[in-house]
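Residues take their numbers from the sequence shown, with the count starting at 1. Note: hydrogens, waters and symmetry copies are ignored here, and every other heavy atom, side chains too, is used.
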Amino acid sequence: MTTPPSPSTVAEWRAFLSDFNARHINSDEVREAIEDQRQVISKERLEAGWAGAEPAGEEAIVAAEERLGTRLPLSYRNFLHVSDGWEDIGSVDLFQVGDIGWFADLDADLIEAWSDSDSFVDQLALLKRCLLIGDDDGGSGCYWLLHADSVAENGEWTAYVWWPGDGDDPEPHHDFAAMVRGCGALLKS
């Protein structure tokens, strides 16, 4: 069975997220989490039947780009045009565009703690140029990152999933869309 290409356009993201949402929001995994009193998707979004948020407008995306001093990669921009954030995708919650920021600013304490160690030199250089776009909201410490200094010819940034507590380096993905697909976000049929 051939894996369909990762979503890129607004229409592809709309189709991908609609399919994912339809299967995930009513999945055994979500029901079991709620029964275990782990609310992985808010009651409001469960009642609405959509784990995403309202789409981000172009003005909000441009405002974030101006605040950050960089243009966001196209696949991520198009995702935001469909849903400004998402609850419980690939074990993280994706932030709304107004809440994304440079990892070094949003988790300055971790950067400072690691700056005193020679063991994390490579990770620090990477993390200082990554946008933090999602985390597992108080769980075991997963971050989703986009690396501003690793841009492909098509303008896409290398994306990373990072579990700092496991001692491994951030896991790279070709881009944001590949990260979403690669992290098990698309449930098995």
Side-chain angles (χ1 to χ4, degrees), residues 6-8 13 16-17 20 38 40 51-53 56 60-186:
S6 294
S8 181
W13 273 113
F16 177 91
L17 291 173
F20 171 69
R38 295 179 292 112
V40 294
I61 295 170
V62 169
E65 291 173 333
E66 289 174 358
R67 174 176 53 85
L68 298 166
T70 190
R71 182 161 171 86
L72 297 171
L74 186 60
S75 67
Y76 183 57
R77 284 179 116 260
N78 286 339
F79 166 86
L80 293 168
H81 279 294
V82 175
S83 185
D84 187 7
W86 194 274
E87 292 182 5
D88 194 39
I89 192 165
S91 76
V92 301
D93 292 336
L94 292 175
F95 302 154
Q96 292 187 307
V97 71
D99 296 330
I100 65 172
W102 296 108
F103 187 84
D105 296 335
L106 296 179
D107 207 337
D109 292 341
L110 181 63
I111 296 292
E112 184 179 330
W114 281 22
S115 294
D116 294 335
S117 171
D118 292 336
S119 301
F120 302 110
V121 173
D122 292 337
Q123 288 93 343
L124 280 175
L126 174 90
L127 293 173
K128 286 180 180 179
R129 290 295 297 152
C130 279
L131 287 178
L132 178 58
I133 62 167
D135 66 19
D136 67 345
D137 195 23
S140 57
C142 183
Y143 297 104
W144 276 24
L145 308 160
L146 298 176
H147 188 228
D149 290 345
S150 178
V151 181
E153 286 182 22
N154 65 359
E156 292 295 334
W157 300 9
T158 301
Y160 290 90
V161 174
W162 185 43
W163 296 87
D166 70 7
D168 290 336
D169 290 339
E171 176 188 348
H173 297 269
H174 291 290
D175 57 31
F176 171 72
M179 179 170 59
V180 170
R181 181 174 296 288
C183 290
L186 190 58

**OP:** Taking all heavy atoms of P170 and all of L126, pick out the closest pair and write down the distance.
**Re:** CG-CD2, 3.6 Å
Original post:
For H174, which residues count as a side chain to side chain contact (heavy atoms under 4.5 Å, CB included) partner, sequence neighbours excluded?
Top reply: A178
**OP:** Please identify each residue that fulfils side chain to side chain donor-acceptor pair (under 3.5 Å) with H147, with sequence neighbours left out.
**Re:** none
**OP:** Kindly write out the residues that satisfy salt bridge (charged side-chain N to carboxylate O under 4.0 Å, His left out) with R129, not counting sequence neighbours, or none if the list is empty.
**Re:** D149
**OP:** With sequence neighbours left out, write down each residue that passes ring pair (Phe, Tyr, Trp, His ring centres under 6.0 Å) with Y76, or none if nothing qualifies.
**Re:** F176
Original post:
Considering all heavy atoms of both residues, which atom of S75 and which atom of W13 are nearest to each other, and what is their separation?
Top reply: O-NE1, 2.9 Å
Original post:
In Å, rounded to the nearest 0.5 Å, how long is the span from CH2 of W102 to CG of L146?
Top reply: 9.0 Å
**OP:** Could you pull out the closest heavy-atom pair between K128 and A104, with the gap in Å?
**Re:** CA-CB, 4.2 Å
Original post:
If we only count heavy atoms from C-beta on, is the V180 to F16 side-chain gap below 4.5 Å?
Top reply: yes
Subject >> R71: partners by salt bridge (charged side-chain N to carboxylate O under 4.0 Å, His left out), with sequence neighbours left out >> reply: E65
Subject >> Note, V40 side chain near E87 side chain (heavy atom, < 4.5 Å) >> reply: no
**OP:** Give, for atom CZ of F103 and atom CD1 of I133, the distance between the pair rounded to the nearest 0.5 Å.
**Re:** 13.0 Å
Subject >> Gap separating the CG atom of L145 from the CE atom of M179, nearest 0.5 angstrom >> reply: 7.5 Å
Subject >> Any residue meeting ring pair (Phe, Tyr, Trp, His ring centres under 6.0 Å) with W157, in chain and number order, not counting sequence neighbours >> reply: none
**OP:** Look up atom OG in S83 and atom CD1 in I89, then write down how far apart they are to the nearest 0.5 Å.
**Re:** 8.5 Å
Original post:
Got a sec, which residues hit side chain to side chain donor-acceptor pair (under 3.5 Å) with Y160, two or more places apart in sequence or on another chain?
Top reply: none
Original post:
Are any non-hydrogen side-chain atoms of I100 and L68 less than 4.5 angstrom apart?
Top reply: yes
**OP:** For side-chain contact (heavy atoms from CB on, under 4.5 Å), just list the numbers for W162 and L127, CA-CA rounded to whole Å, side-chain angles, deciding distance to a tenth of an Å, and then say yes or no.
**Re:** CA-CA 10 Å; W162 185 43; L127 293 173; 3.5 Å; yes
Original post:
Mind checking what makes side chain to side chain contact (heavy atoms under 4.5 Å, CB included) contact with D169, not counting sequence neighbours?
Top reply: Q123
Original post:
Passes side-chain contact (heavy atoms from CB on, under 4.5 Å), Y143 versus D107? Steps please.
Top reply: CA-CA 11 Å; Y143 297 104; D107 207 337; 2.7 Å; yes
Table please: side-chain donor-acceptor pairs of residues 92-99 below 3.5 Å, with sequence neighbours left out.
from	atom 1	to	atom 2	distance (Å)
D93	OD1	D88	N	2.8
Q96	NE2	D84	O	3.4

**OP:** Apply the test side-chain contact (heavy atoms from CB on, under 4.5 Å) to residues L80 and L72: give CA-CA distance (whole Å), side-chain angles for both, the deciding distance (0.1 Å), then the verdict.
**Re:** CA-CA 10 Å; L80 293 168; L72 297 171; 4.2 Å; yes
Subject >> side chain to side chain donor-acceptor pair (under 3.5 Å) involving T70 - partner list, sequence neighbours excluded >> reply: none
**OP:** Specify the closest pair of heavy atoms between L106 and G101, including all atoms of both residues, with the distance to one decimal.
**Re:** CD1-N, 3.4 Å
